[in-house]
Asks: 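This is the structure I have questions about; it appears just below.
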Amino acid sequence: SQYFRASAISTPIYLDHAATTPLRPQALQAMQDGFALWANPSSPHAAGRKARSLLEDARERVKEALGWQGEVIFTSGASEAAALALGHAQAGARLVASVEHDCVLQAAPAAERLPVRSDGALDLEALTEAVQRERPLVAVQQVNSETGNRQDLAAIGGIVHQAGGLLLADCAQGAGRFALPSCDMAIISAHKFGGPIGVGALLVKDYAMLAPSGGQERGYRRGTENMPGVMGMTAALEACGDLYLDPQVLEPLDALAGECRRIGGTWLSDRLSHPTPYIRAIAMPKMSATAQVMRFDMAGIAVSQGSACSSGTMKTSRVLEAMQVEPEIAANTIRVSVGWNTTRAEVERFCEVWLDLAGA
């Protein structure tokens with residue numbers, strides 16, 4: 001292609017960071033330190049007290065890194081955090097956006113689902129009507145894991161709080177990249193920003209917003225805390241810094257977008273209310289997403305067909321369906337997501353292969 005002249009890359013290229021991103025070296029080192037010092041943080045002996053001290057230090061560092069003024073409950077990940085919030089919030093009706101992650105929908109199967117517009121934004125008129133009930137809990141994601149669309153949580157929070165409700169923000173795809181929104185509770189997941197798999201947190205403004213369930217974490221979560229994992233998550237969060245990605249890494253995608261449009265493909269960011277740069281949904285004409293994922297894999301490039309929790313089902317994406325994306329476009333849509341260690345050469349190579357597959 002005249003647009004992309006990447007040198008040959010012999011190693012596999014990983015562009016599925018929205019599913020999970022590689023462990024940052026700072027996180028690995030912190031975990032090794034944690035395993036060397038580890039004991040049960042609930043034990044009263046000296047080793048346990050040392051572990052407790054490290055855990056509480058990490059809790060304060062997480063608050064500082066995120067600018068969070070409330071409490072932090074360490075969990076096994078985003079799914080447990082969602083279950084804690086939706087299962088134990090001292091609130092009334094549960095309302096969830098129709099494009100939420102599966103873990104949120106499964107944590108509140110009876111919740112009313114709020115519609116989104118065709119641009120992926122939550123329908124604020126529908127929200128305003130739905131919150132007219134006693135102290136509802138509204139769950140909305142900060143960044144959609146399939147499309148990369150960012151919700152206007154400032155506007156959403158204003159509507160929810162004016163009605164006396166609570167806002168739960170799923171920040172799994174946004175933490176470490178964007179500032180936390182103004183919300184009552186927030187979900188983070190370590191492996192989305194370079195921490196280990198199997199650890200996350202539920203941030204809550206006040207413990208009084210939750211009904212205690214006994215056990216650890218001030219009585220709000222059962223199970224021995226994963227102190228080494230928490231230390232890894234904390235180090236990864238601190239390593240995110242102010243600049244998550246070099247804009248030059250993403251430049252080749254802008255050129256690909258023009259080519260995609262020219263040959264009749266769909267660059268889904270064009271339709272979104274607030275697209276983010278690190279998750280892109282792209283529909284190639286005349287080739288199914290399943291076939292694309294296989295062909296890219298054969299070329300040594302890892303991409304996906306939507307959310308990792310549902311991409312193996314071979315079903316049409318319910319997120320794209322909720323956005324009223326045409327079925328023939330949804331069936332041909334793949335997700336490309338970049339992360340902290342993605343290089344420009346890797347993005348250029350993806351663009352080359354995409355154009356080759358599309359016959360451009």
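Positions are given from 1 along the sequence.
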Asks: Output the distance between atom OG (Ser43) and atom CZ (Arg52), rounded to the nearest 0.5 Å.
Replies: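 Result: 9.5 Å between the selected atoms.
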Asks: Looking only at non-hydrogen atoms, find the nearest pair between Phe350 and Val303 and report the distance.
Replies: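 Reported closest heavy-atom pair: CE1-CG1, 4.1 Å.
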Asks: In the structure I gave you, are the side-chain heavy atoms of Met284 and Ile334 within less than 4.5 Å of one another anywhere?
Replies: no
Asks: Taking Ser213's backbone N and O only, do any of them form a donor-acceptor pair with Arg222's side chain (distance below 3.5 Å, no angle check)?
Replies: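 It does hold such a pair.
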Asks: With side-chain contact (heavy atoms from CB on, under 4.5 Å) as the criterion, how do Val336 and Ile282 come out once you've worked through the C-alpha distance, each side chain's angles and the decisive distance to 0.1 Å?
Replies: CA-CA 8 Å; Val336 180; Ile282 311 167; 4.1 Å; yes
Asks: Is the closest side-chain heavy-atom distance between Thr224 and Pro41 below 4.5 Å?
Replies: yes
Asks: Distance check, rounded to the nearest 0.5 Å: Glu129 atom CD versus Leu124 atom CG?
Replies: 13.0 Å
Asks: For the backbone of Asn332 and the side chain of Gln292, can you confirm whether one donor and one acceptor N or O come within less than 3.5 Å of each other?
Replies: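 Yes, Gln292 side chain to Asn332 backbone: donor-acceptor pair under 3.5 Å.
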Asks: Under the 3.5 angstrom rule, does the side chain of Thr276 hit a backbone N or O of Gly148 as a donor-acceptor pair?
Replies: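 Indeed, once roles are kept as given, a pair shorter than 3.5 Å links the two residues.
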Asks: Below 4.5 Å, heavy atoms only, C-beta onward: do Ser79 and Gln106 meet side chain to side chain?
Replies: no
Asks: Quick check: closest heavy atoms across Phe74 and Ala58, and the distance to 0.1 Å?
Replies: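 Smallest interatomic distance, heavy atoms only, reads CZ-C, 4.2 Å.
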Asks: With no hydrogens and no angle check, is any side-chain donor or acceptor of Trp340 less than 3.5 Å from a backbone partner on Pro22?
Replies: yes
Asks: Answer yes or no: is there a donor N or O on one side and an acceptor on the other, between the side chain of Glu225 and the main chain of Gln216, under 3.5 Å?
Replies: no
Asks: Would you say that more than 12 heavy atoms from the other residues, nucleotides or ligands in this model lie under 6.0 Å from the CD of Gln69, or not?
Replies: no
Asks: Please round to the nearest 0.5 Å and tell me the distance separating atom CE of Met323 and atom CG of Asp119.
Replies: 7.0 Å
Asks: For the side chain of Glu112 and the backbone of Leu95, is there at least one donor-acceptor N/O pair under 3.5 Å apart?
Replies: no
Asks: Is Leu28 reachable from Met233 through a run of hydrophobic residues whose side-chain heavy atoms are each under 4.5 Å from the next?
Replies: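 Cluster IDs for Met233 and Leu28 differ.
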Asks: To the nearest 0.5 Å, how far apart are CG in Leu137 and CG in Leu166?
Replies: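 Going from the CG atom of Leu137 to the CG atom of Leu166 covers 6.0 Å.
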Asks: Decide, yes or no, whether a salt bridge links Arg59 with Glu217 under the criterion of side-chain N to carboxylate O below 4.0 Å.
Replies: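 Looking at Arg59 and Glu217, the cut-off is met.
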Asks: Are Trp267 and Ile329 grouped together when hydrophobic residues (ILVMFWY) are joined by side-chain heavy atoms under 4.5 angstrom apart?
Replies: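 No, separate clusters.
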Asks: Begin from the C-alpha positions of Glu100 and Arg113 and carry the test salt bridge (charged side-chain N to carboxylate O under 4.0 Å, His left out) through to its verdict.
Replies: CA-CA 9 Å; Glu100 295 305 297; Arg113 298 196 182 185; over 6 Å; no
Asks: Please name the pair of heavy atoms, one in Gln132 and one in Ala163, separated by the smallest distance, quoted to 0.1 Å.
Replies: NE2-CB, 4.4 Å
Asks: Determine, using the 4.5 Å side-chain heavy-atom cutoff (strictly less than), whether Leu114 and Leu272 are members of one ILVMFWY cluster.
Replies: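 Yes, one cluster joins them.
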Asks: More than 12 foreign heavy atoms under 6.0 Å from CD of Glu64: is that the case here?
Replies: no
Asks: Give a yes or no on whether the backbone of Pro247 and the side-chain of Glu251 come within a donor-acceptor separation of less than 3.5 Å.
Replies: no
Asks: Between Arg349 and Glu352, does at least one N-O distance fall below 4.0 Å, as a salt bridge requires?
Replies: yes
Asks: Distance only, no hydrogens: is a donor on one side chain within 3.5 Å (strictly under) of an acceptor on the other, for Gln305 and Thr290?
Replies: yes
Asks: Which atom pairs, donor and acceptor, lie under 3.5 Å between side-chain atoms of residues 80-88 and protein residues at least two apart or in another chain?
Replies:
| residue | atom | partner | partner atom | Å |
| --- | --- | --- | --- | --- |
| Glu80 | OE1 | Ser76 | N | 2.6 |
| Glu80 | OE1 | Ser76 | OG | 2.8 |
| Glu80 | OE1 | Arg221 | NE | 3.4 |
| Glu80 | OE1 | Arg221 | NH2 | 3.2 |
| Glu80 | OE2 | Arg221 | NE | 2.8 |

Asks: For atom NZ of Lys50, is the number of surrounding heavy atoms from other residues, nucleotides or ligands below 6.0 Å larger than 12?
Replies: no
Asks: In terms of hydrophobic clustering (I, L, V, M, F, W, Y; side-chain heavy atoms under 4.5 Å; direct or indirect links), are Leu253 and Ile13 co-clustered?
Replies: yes
Asks: Counting only heavy atoms from other residues, nucleotides and ligands, does the tally under 6.0 Å from CZ of Arg61 exceed 12?
Replies: yes
Asks: Shortest non-hydrogen contact from Thr75 to Leu202?
Replies: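 Taking every non-hydrogen atom into account, CG2-N, 4.0 Å.
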Asks: Once you round to the nearest 0.5 Å, how far does CD of Gln26 lie from OG1 of Thr234?
Replies: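 Reported to 0.5 Å precision, the distance equals 13.0 Å.
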Asks: Could you tell me whether the side chain of Asn144 and the main chain of Gly120 form a donor-acceptor pair under 3.5 Å?
Replies: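 Not at all, since once roles are kept as given, no pair shorter than 3.5 Å links the two residues.
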Asks: Looking at Ala27 and Gly232, what are the two nearest heavy atoms and their distance?
Replies: CB-O, 3.3 Å
Asks: With side-chain contact (heavy atoms from CB on, under 4.5 Å) as the criterion, how do Ile301 and Glu346 come out once you've worked through the C-alpha distance, each side chain's angles and the decisive distance to 0.1 Å?
Replies: CA-CA 9 Å; Ile301 302 174; Glu346 290 174 332; over 6 Å; no
Asks: Show, in sequence, the C-alpha distance, side-chain angles and deciding distance for Ser118 and Arg271, and conclude whether the side-chain contact (heavy atoms from CB on, under 4.5 Å) test is met.
Replies: CA-CA 8 Å; Ser118 60; Arg271 302 185 176 199; over 6 Å; no
Asks: Identify whether NZ of Lys or CZ of Arg in Arg177 sits under 6.0 Å from the centre of the six-membered ring of Tyr278 and within 45° of that ring's axis.
Replies: yes
Asks: Is it true that Val230 and Met31 fall in one hydrophobic cluster, defined by side-chain heavy atoms closer than 4.5 Å?
Replies: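 Shared cluster, no.
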Asks: So do Asn341 and Tyr14 actually touch side chain to side chain, heavy atoms under 4.5 Å?
Replies: no
Asks: At their closest point, which heavy atom of Asp16 faces which heavy atom of Ser304, and how far apart are they?
Replies: OD1-OG, 3.1 Å
Asks: Supply the atom-to-atom distance His274 NE2 to Asp152 CG, rounded to the nearest 0.5 angstrom.
Replies: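 Interatomic distance, His274 NE2 to Asp152 CG, rounded to 0.5 Å: 8.5 Å.
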Asks: Short question: side chain of Arg318, backbone of Ser98 - any donor-acceptor pair under 3.5 Å?
Replies: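 Yes; at least one donor-acceptor contact below 3.5 Å.
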Asks: Start with the C-alpha distance between Asp33 and Gln29, add both sets of side-chain angles, then the distance that settles side-chain hydrogen bond (donor to acceptor under 3.5 Å, both in side chains), and finish with yes or no.
Replies: CA-CA 6 Å; Asp33 294 343; Gln29 182 61 57; 3.0 Å; yes
Asks: Check this for me: does any side-chain nitrogen of one of Arg218 and Glu56 sit under 4.0 Å from a carboxylate oxygen of the other?
Replies: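 Salt bridge present between Arg218 and Glu56.
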Asks: Treating Gln173 as the side-chain partner and Lys192 as the backbone partner, does any N or O pair qualify as donor plus acceptor under 3.5 Å?
Replies: no
